[in-house]
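Computed over heavy atoms, backbone and side chain alike; hydrogens, waters and symmetry mates excluded. A, B, ... follow the sequence lines: proteins, then strands. Residue 1 opens every chain.
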Amino acid sequence: MQSKELVIFNTLSKKKEVFKPINFPNVGMYVCGPTVYGSAHLGHARPAITFDLLFRLLKHLDYKVRYVRNITDVGHLENDADEGEDKIAKKARLEQLEPMEIVQYYTEEYHDAMRMLNVQSPSIEPRASAHIMEQMDIVDEIIKNGFAYETNGSVYFDVEKYNEKYKTYGKLSGRILDDLLSNTRKLDGQDEKKNSFDFALWKKASPEHIMRWKSKWSDGFPGWHLECTAMSTKYLGETFDIHGGGMDLLFPHHECEIAQSTATIGKEAVKYWVHNNMITINGQKMGKSLGNFITLTELFTGTHKILERAYSPMTIRFFILQAQYRSTLDFSNEALQAADKGLQRLMTAISTLPKLKTSDATSFNLDELEKKCYDAILDDLNSPILISQLFEAVRIINSIEAGKDTISKSDLERFEKLISTFVYDILGLQNEASSSSSNEAYAKAIDLLLTIRMEAKANKDFATSDKIRNELTQMGFEIKDKKDGFDWTLKS
RNA sequence: GGUCUCUUGGCCGAGUGGCUAGGCACCGGUCUGCAAAACCGUCUACUCCAGUUCGAAUCUGGAAGAGACCUCCA
């Protein structure tokens, strides 16, 4: 399978590059996970699904992947002027809870949402709070290497000094140090730092700050960007293949990560930086701080004022996959409903696939379809093109069912395998209709009603047959008459 | 203010120097007792201006509009 070449856009080079792992066939991938101080929202779903897609694809290509996605449970600083109050501590005070209680609650909520979205668990999901020692070690190392200084119990990264040696600060986000200097100096209220763009590696905790750890510098907490460096190094090694996250983390977060790890090990840790774009709502970024976000629970239940109805997790997943991960994706009820309809059509066709009648020959080009599917997904995860090819498959399936195209027995097996690989394994879609035993009984009851309807039709008793169909339709069923029977689905 | 990105049909969203994206919606037809589904077909595009080119929605320059980052953020 590794004859197939994956091309991925590297933010570092701003080009598409052929993916070649450092230690073939192993792949190390680190993705910035959620800060668990609030509910998971639509924005969180995007990187989770994007990198789930990449994770699934790499595994399909037979790479041995270790996927690390952290849980940030040590709050990052709220802002510079806020005297070190961190997000989780603040929320805890508001709700009169222990910080770890908040963390527990939102972590579970996040996990539940991810499970519903059929996002596979990463190989390792480390917590920042469990890696304080490792973070302190890195601070030590950076001080030893001369790229950090201590002021009043806090330790700061010396960006200027770092840049003198490595000259790479800003390379990821396209920033120039002098510009940053002239930009941010006017906002500078921080006398502890040599330069405004220096960032904290260790921060002394103010008295009201309840999340704190003892260290040689002070009772405090690790800096904003340190946990990813510590945990990626610990689980993936000094250098690893892929580091992912949202585009909004590019600066300063990922830029600082590069500086930290380079200052620690003397070389760059990450080979491919991959960033997903944002989800917008009415053309504006959806975000916690903007207060215009929709939580995943609200989406699944339809309980947000701008939602016309509930949208199932698979609809959300499909909606996100219908855009390429580097494009912004605009949310609207209309767009989600279109995604929902399209997904249902896709799933309906897939369920008829195994029931197709086979012929001696196949009247369409299955090889070409397969090639187009691979070409699409291997070209920087172009899921929308892949999906358009899957709709071509839908057209073919329906056409075979209608007797206008034919398929041989062996090709049908291949076709089923192909669809299952791309739809279930790689895109991670799933059929939401479950088939528990209680569902089976109810399905039989519907079948019974429709059998009675067939009999009524045969007797030209259209009053009865229409009554059954109309009432079932009203309950949300979709009744399809076939040449020799019927079919039905329950619309979500 | 600095850096960068985007602008595609009713909506979402791909793509490309010349050849259909796709989905949803709409319209017409086939099928049906009537529908639904399915199938077939049609229609609506590439923000504007100038340039390069045999040819540009695709390249270059300019304008307008929108957005992102520069502060925690997926």
Side-chain angles (χ1 to χ4, degrees), chain A residues 14 31-35 37-38 40-51 72 75-82 86-87 170 173-176 178-180 182-184 186-187 197 224 244-253 275-280 283-290 293 318-319 322-324 326-343 345-346 348-349 352 376 382-392 394-395 397-399 401-405 457 460 462 465-466 469-470 473 477-483 486-489:
Chain A
K14 295 173 182 56
V31 173
C32 292
T35 304
Y37 74 109
H41 58 79
L42 188 52
H44 289 105
R46 187 128 199 226
I49 289 170
T50 298
F51 292 102
T72 297
H76 290 315
L77 283 172
E78 190 102 87
N79 63 54
D80 263 4
D82 209 8
D86 89 28
K87 280 180 180 174
S173 56
R175 247 149 269 249
I176 297 160
D178 286 347
D179 293 349
L180 287 175
S182 56
N183 246 330
T184 38
K186 54 179 177 281
L187 305 170
F197 45 66
W224 321 357
M247 269 182 192
D248 49 350
L249 297 176
L250 244 154
F251 189 89
H253 185 56
H275 292 93
N276 63 275
N277 215 318
M278 304 291 104
I279 286 179
T280 59
Q284 205 184 28
K285 188 175 108 173
M286 179 181 298
K288 184 94 194 155
S289 52
L290 295 167
F293 65 98
F318 190 67
F319 171 67
Q322 267 191 314
Q324 209 263 354
R326 286 193 291 123
S327 303
T328 55
L329 172 59
D330 198 47
F331 166 89
S332 69
N333 279 289
E334 214 179 350
L336 273 177
Q337 281 163 25
D340 182 42
K341 283 263 183 72
L343 178 62
R345 198 157 83 84
L346 178 65
T348 304
T352 66
N382 202 324
S383 49
I385 294 284
L386 171 58
I387 288 168
S388 80
Q389 292 306 322
L390 293 174
F391 277 107
E392 172 64 13
V394 168
R395 214 208 81 238
I397 291 166
N398 289 329
S399 179
E401 207 206 3
K404 295 191 172 178
D405 268 303
K457 271 174 68 183
K460 301 236 184 275
F462 296 124
S465 76
D466 283 358
R469 183 180 64 195
N470 292 343
T473 303
F477 292 93
E478 183 175 84
I479 312 304
K480 304 173 196 172
D481 284 358
K482 315 264 267 203
K483 294 148 270 174
F486 54 81
D487 207 351
W488 60 270
T489 50

Length of the [atom1]-[atom2] vector between [X] and [N], whole Å:
X      : N     : atom1 : atom2 : value
A:N398 : B:C39 : CG    : C1'   : 8 Å
A:N276 : B:C73 : CG    : C1'   : 12 Å
A:L249 : B:C70 : CG    : P     : 10 Å
A:F319 : B:C12 : CZ    : P     : 10 Å
A:H253 : B:U71 : NE2   : P     : 15 Å
A:D340 : B:C12 : CG    : P     : 18 Å
A:D330 : B:G65 : CG    : C1'   : 15 Å

Quiz item: side chain to side chain contact (heavy atoms under 4.5 Å, CB included) with A:N277: which residues, sequence neighbours excluded?
Solution: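 Side chain to side chain contact (heavy atoms under 4.5 Å, CB included) list for A:N277, sorted by chain: A:R46, A:M247, A:T328.
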Would you measure the distance from the [atom1] atom in [N] across to the matching atom in [M] and give it in whole Å?
N     : M     : atom1 : answer
B:C70 : B:A37 : P     : 47 Å
B:A56 : B:C73 : P     : 47 Å
B:U71 : B:C19 : C1'   : 50 Å
B:C69 : B:G62 : C1'   : 25 Å
B:C12 : B:U8  : P     : 8 Å
B:G67 : B:A36 : P     : 42 Å
B:C43 : B:G61 : P     : 36 Å
B:C6  : B:U58 : C1'   : 15 Å

Show the nearest heavy-atom pair for residues [X] and [Y], with the distance to one decimal.
X      : Y      : value
A:A349 : A:I397 : O-CG2, 3.5 Å
A:F318 : A:L346 : CE1-CD2, 4.1 Å
A:A376 : A:I385 : CB-CG2, 3.4 Å
A:N276 : A:P47  : OD1-CB, 3.3 Å
A:A323 : A:S383 : O-OG, 3.6 Å
A:S173 : A:F251 : OG-CD1, 3.2 Å

Which part of the nucleic acid, if any, lies within contact of [X], taking any heavy atom under 4.0 Å across all strands shown: a base, the sugar-phosphate backbone alone, or nothing?
X      : value
A:H275 : nothing
A:M247 : nothing
A:L250 : nothing
A:L329 : sugar-phosphate
A:G246 : sugar-phosphate

Self-check item: A:K404 vs A:M278, nearer the 5' end of RNA chain B by closest nucleotide
Solution: A:K404
Practice problem: Answer with yes or no whether A:K285 presents, from its side chain, a donor or acceptor under 3.5 Å of a partner atom in the base of B:C73. | Solution: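 Result: at least one qualifying N/O pair found.
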Who does [N] pair with, Watson-Crick or G-U, both distances under 3.5 Å?
N     : answer
B:C69 : B:G2
B:G22 : B:C12
B:U53 : none
B:U47 : B:A63
B:G28 : B:C40

Got a list of protein N/O to nucleotides 31-34 of chain B N/O distances below 3.5 Å?
{"residue": "B:G33", "atom": "O6", "partner": "A:S465", "partner atom": "OG", "Å": "3.4"}
{"residue": "B:G33", "atom": "N1", "partner": "A:D466", "partner atom": "OD1", "Å": "3.0"}
{"residue": "B:G33", "atom": "N2", "partner": "A:D466", "partner atom": "OD2", "Å": "2.9"}
{"residue": "B:C34", "atom": "O2", "partner": "A:R469", "partner atom": "NH2", "Å": "2.8"}
{"residue": "B:C34", "atom": "N3", "partner": "A:R469", "partner atom": "NH1", "Å": "2.8"}
{"residue": "B:C34", "atom": "N3", "partner": "A:R469", "partner atom": "NH2", "Å": "3.0"}
{"residue": "B:C34", "atom": "N4", "partner": "A:R469", "partner atom": "NH1", "Å": "3.1"}

Quiz prompt | Spacing of CG belonging to A:D481 relative to NZ belonging to A:K457, to within rounding of 0.5 Å | solution =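 Rounded to the nearest 0.5 Å, the CG-NZ separation comes to 3.5 Å.
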Quiz item: Under 30°, 30 to 60°, or over 60°: which ring-plane class applies to A:F331 and A:F319, parallel, tilted or perpendicular?
Solution: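 The arrangement is perpendicular - the two ring planes meet at more than 60°.
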Practice problem: Indicate for each nucleotide in nucleotides 14-24 of chain B, in 5' to 3' sequence, whether protein heavy atoms under 4.0 Å reach the base (B), only the sugar-phosphate (S), or nothing (-). | Solution: SS-----BSBS
Quiz prompt | Pairwise side-chain contact, A:K480 with A:T348, heavy-atom cut-off 4.5 Å (strictly under) | solution =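 Heavy-atom side-chain distance check passes, below 4.5 Å.
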Exercise. Kindly say if A:R175 contacts the phosphate of B:C4, meaning a side-chain N or O under 4.0 Å from OP1 or OP2.
Key: no
Exercise. Quickly, which of A:L329, A:T50, A:N382 forms a side chain to side chain contact (heavy atoms under 4.5 Å, CB included) with A:Q324? Name it, please.
Key: A:N382
Quiz item: Should we count NZ of A:K460 as having more than 12 external heavy atoms under 6.0 Å?
Solution: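 Counting other residues, nucleotides and ligands, NZ of A:K460 stays at 12 neighbours or fewer.
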